[in-house]
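Below is one structure, written out as structure tokens; comments come after it.
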Amino acid sequence: MKIAVLLIATAFAVSGCQKEVPVEPRSQEFFMTHDQERATVIKACKTGVGDHNYQPQVECGDAVLAQSRVDRAATIKRRLGN
């Protein structure tokens with residue numbers, strides 16, 4: 001009986017130590033150079049899927065603004081013929 005209580009107490013103690021460390025949101029510059037991550041974040045933002053304990057609004061905004069900047073640069077390049 002004492003062993004069972006000790007095991008349960010240990011399990012609770014260990015599970016409490018596994019908190020996630022907050023991660024800094026990725027910047028517009030990051031998303032401008034990482035197409036796949038940008039597309040994934042934009043899709044997740046549009047469908048409402050994501051870890052809302054993180055900072056989805058910050059990354060959603062940065063990803064969308066990066067996509068806009070990438071699109072604008074592609075349009076300018078296309079119009080200039082480069």
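Note that CZ of Arg69 is 5.0 Å distant from CD of Gln28, once rounded to the nearest 0.5 Å.
Here Ser27 pairs with Glu29, Phe30 under the side chain to side chain contact (heavy atoms under 4.5 Å, CB included) rule; sequence neighbours left out. Remark: Glu37 engages no residue in a salt bridge (charged side-chain N to carboxylate O under 4.0 Å, His left out) (not counting sequence neighbours). In this view, Gln67 and Arg38, Asp71 satisfy the side-chain hydrogen bond (donor to acceptor under 3.5 Å, both in side chains) rule, not counting sequence neighbours.
Taking 4.5 Å as the limit, some side-chain heavy atom of Thr75 sits within range of a side-chain heavy atom of Arg78.
Closest non-hydrogen pair, Val41 versus Arg26, comes out as CG2-NH2, 3.5 Å. Shown here for Phe31 and Ala66, the closest heavy-atom pair between the two residues is CB-CB, 3.6 Å.
The hydrophobic cluster analysis finds Leu65 isolated: no Ile, Leu, Val, Met, Phe, Trp or Tyr side chain comes under 4.5 Å of it, directly or through other members.
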